[in-house]
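Here is the structure we will look at, set down as structure tokens.
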Amino acid sequence: MERNKNLAKNYSPDELEQKWYQTWLDKGLFNAEIEHDKKAFSIVIPPPNVTGSLHVGHAFDHTFQDIMCRFKRMQGYSVLWLPGTDHAGIATQNVVEKELAKQGITRHDLGREKFVEKVWEWKNIYGNKIIEQMKRLGNSCDWRRERFTFDEGLSRAVRHDFVQLYKKGLIYKGRYIVNWCPRCQTAISDLEVEYKEADGKFYYVKYLFVDGEINGEWGLTVATTRPETILGDIAIAVHPRSEKYKHLIGKKVRVPLVNREIEIIEDNMVDPEFGTGCVKITPAHDPNDFLVGLNHNLEQIQVIDDKGIMNENAGKYQGMKIEEAREAVVKDIEQQGLLIKVEDIKHSVGHCQRCGTVVEPYLSDQWFVKTKPLADRGVQAVKDGRIKWIPEQWEKTYFNWMENIRDWCISRQLWWGHRIPAWTCADCGHVTVAETDPTECEHCHSKNIKQDEDVLDTWFSSALWPFSTMGWPDETPELKYFYPTSLMVTGFDIIFFWVARMIMMGLEFMDDVPFRDVYIHSLIRDEKGIKMSKSRGNVIDPLVMIDKYGADALRMGLAALATQGRDILLSANKIETYRLFMNKLWNAARFALMNLDDKKHFIDKNLLHIQDKWILTRCQEVIASTTNFINEYNIGEAARGLYDFVWGDVCDWYLEMSKPALKGDEGEERRKTAAGVLEEVFKTILPLLHPFIPFVTEELWAAFGYGEISIMQSPWPVENKFLRFDDEAGSMRILQDVIRAVRNLRAEARVAPSQLLNKVVIRVDTPKVANMLNFSVDQISRLCRIKGVDILPHAAPRPAASLSSVVGNIEISLPVGDILDVNAEIVRLSQEILKIEKNVAASKAKLDKPDFAARAPKEVVEKERARVSEGEAQIKRLNENLESLKN
RNA sequence: GGGCGGAUAGUUCAGCGGAAGAACACCUGCCUUACACGCAGGGGGUCACAGGUUCGAACCCUGUUUCGCCCACCA
């Protein structure tokens, strides 16, 4: 066995991370194989958009998944982590268009085919960049199976899916009001609209009655925020039971400016309390009005075109932008004396998620998915427990959306994406929808057919990701073995966009859920809690972090910060903490290696000292808790627990206490056994840490001489009850308390740390503890810098002129002669006495309450009693201390 | 208008029924042969407010205040 005893003094991640990743790849350790004697564990990665590079939110997401994958792999599962990227239709098209704009070119200059080629070029550059970033992070993905939502296989899946849904009547085409982005020149789905509060104006406009005065009124007043759409008004609606307007139903009014005569109709959609209680109906430019229009069979007059410009139906306003037209219309109405008043209001205005432009309700031919039947099954699957949400609270959000779901507009007037597989016949008008490109109309066999120009919403292909990536629609062995996937890890921002739709499509096409568990993590924000974005310049680039601190430090930091529920506020500072941890671990290992022989060490149980038994016990406890935490997806607790264990227990206590034995001060046999324990400790913590910090653990694993098999392939530690010594572990805690108390006494009494104290007297009342402390006298003197320690029975007299401190039933006394600043100590003691008196009084009051003794559990009452007696003893002792000092 | 989450040390956050924790920051000392990327010790909190349940509440319930997020057709 070769131990590497020449580790560098300081840990540096650079070369070792590169080296090990390449080794893992070369050995094919990430490859997922179908092994029927093993249980399968699978995750499909949420495919990042190929718009740019990964941000730290991805790093977090991926770290989580990688921890789960490495954990399960070590536990003996056959693990598939399937990587890939998303073509991200509108987003990618926009970034490429922006690039072109820098050269003064639009996509129209290039034409569809050339433009799509350009986007592919972009994809090849950035897609690869993203994959490289994932590798730097240490993602243990099976790269042989990398997929792209727009690759050949997935495109076939999309077509198959579309055709099946169409045949089932779940996809339809129709002329509806959709959200239209005048800048992107495409329809977008409801989810892609972001509403923001904005200042607006409420214009009260009078529509005159055609037949003159009615009940003393010459017209009725309608309130609108969008006066330019008056030009497309086709009716006025009032509530059917409105007292105020009932008598007007059926009467006619004249639309201002255009003088069209329109009817006053009744509709339940009108809220009689809002505005003036009546609504102008513009079916072509408002989604509500559109529905009212359908119910009443009204004409749809479009006055605004797809670029947000007034069209030929707008008369003299033709050619104006919406805002210009609004101003002009208001001015003209005012001139005609029909503008009653203008009010300032706040209302929410929809903006395009991708470019921020105000979206217009726009009437056009679009394709839709009828989502209701799909959503019903999706709801059921969660109610049945076939899918578990973690944290559970998201279930509610999911139900709420699914139960109120509206049809999904899936067509986009873009060039980058899956073209809709529908061909319209110029002769008979029939639409042929087919998986393979048809050559003729399936109805009249005319060759005069033309494919729909539109492409599909990018989420349409993402929805199939869990199975399309495994070869669907073919029945592949992968699907059989790895589907449903075990876990989906993603942020709450795409629950509707993606998670819900995967569930719907998975149930529809695979007749099974796409994943068993869905873990929704918090979003990473900057240190001020603001969402990171390029435009704000507050993004933390994972690559920069990795360059600076190493991938392991970044991963450990992200893992440790992971808590359910809250946003994660990240700063470089926080990652630095974990960079220090890497160095600590590194040096602890370096120390261990300096003390290990070049052969496996065995533990002689008869030679174990208290600290050895304690650390071995702690190892078993940490194995259990870490395993449980990861199983519950609580990687934050798992990471923090390991951090504390390694730094606090192993380094601060165990390594310090094992030094004499390792030096050989306690004899050769003791040395060997202490080395054995040390080896056992590292054999435990390195694998436990591996999912979190794969690189450094692999490097150290090799340095310890275990490199024949990768730490990735080493089994996940399991509790060994033969290495548990609960009794001694308890004693060790007492010993720690004693040592801390002595150190504390020294420091409080201003004894210089360099000063070697002559003697400390420890009085104990149980022989067992006395025995234990006697055994550890050398440790105590070494760790507290004292020449000698006397362990005496409690009955022995307290040394004269000494300060003392108490831990449980142990009293520790320090000769007063060594104290430097007597006055300071007197003040401190007086304050402490007051504090303890207060606590004792509180405990006594508690005990005096009759209910407490009667109802509280025995051990709680006992504890309270002990507090009182201990407190009283302490006060007595401190008073003695005071006296000692004053003399 | 509905729904969700947060309010704990100077800061960022754990804890979620039995006497308040960590990391940074701060103060006192230490280069003690793994680590100064470190060690030892310390100060610092009416756990937002008000009620209630309980022998006992940071934790459970009810309000209030406040910050943030999501959903919804406020014409």
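Protein chains get the first letters and strands the later ones, always in sequence-line order, with residue 1 at the start of each. Predicted, not measured: the structure shown is a model, and the values here were computed from it.
Using a 4.0 Å heavy-atom cutoff across all strands shown, A:Phe202 reaches sugar-phosphate atoms only and no base atom. Using a 4.0 Å heavy-atom criterion, one finds that A:Asp652 contacts the sugar-phosphate atoms exclusively. The residue A:Lys584 sits close to a base: some heavy atom pair falls under 4.0 Å. Across all strands shown, A:Tyr11 has no heavy atoms under 4.0 Å from either base or sugar-phosphate atoms. Using a 4.0 Å heavy-atom cutoff across all strands shown, A:Val270 reaches at least one base atom of the nucleic acid. No engagement by A:Lys838 is indicated, since no non-hydrogen atom pair under 4.0 Å with the nucleic acid exists. Within the nucleic acid shown, A:Arg226 has no heavy atom closer than 4.0 Å to any nucleic acid atom. A:Asp493 comes within contact range of no nucleotide atom at all, as no heavy-atom separation falls under 4.0 Å. The residue A:Arg525 sits apart from the nucleic acid: no heavy atom pair falls under 4.0 Å. Across all strands shown, A:Ile495 has no heavy atoms under 4.0 Å from either base or sugar-phosphate atoms. Residue-level contact check: A:Thr577 touches the backbone only, with heavy atoms under 4.0 Å from sugar-phosphate atoms and none from bases.
For the pair A:Lys659 and A:Phe591, the cation-pi criterion (under 6.0 Å, within 45° of the ring axis) is fulfilled.
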Should A:Glu637 and A:Glu632 be marked as a side chain to side chain contact (heavy atoms under 4.5 Å, CB included) after you check the CA-CA gap, both sets of side-chain angles, and the distance that decides it? CA-CA 10 Å; A:Glu637 280 294 341; A:Glu632 291 162 6; over 6 Å; no
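Between A:Thr224 and A:Glu656, the residue anchored nearer the 5' end of RNA chain B, judged by the nucleotide with its closest heavy atom, is A:Glu656.
Summarising the geometry of A:Phe704 relative to A:Ala592, their closest heavy-atom pair is CZ-CB, 3.9 Å, with the distance given to 0.1 Å.
Looking at A:Asp597 and A:Arg671, a side-chain N of the basic residue comes within less than 4.0 Å of a carboxylate O on the acidic one, giving a salt bridge.
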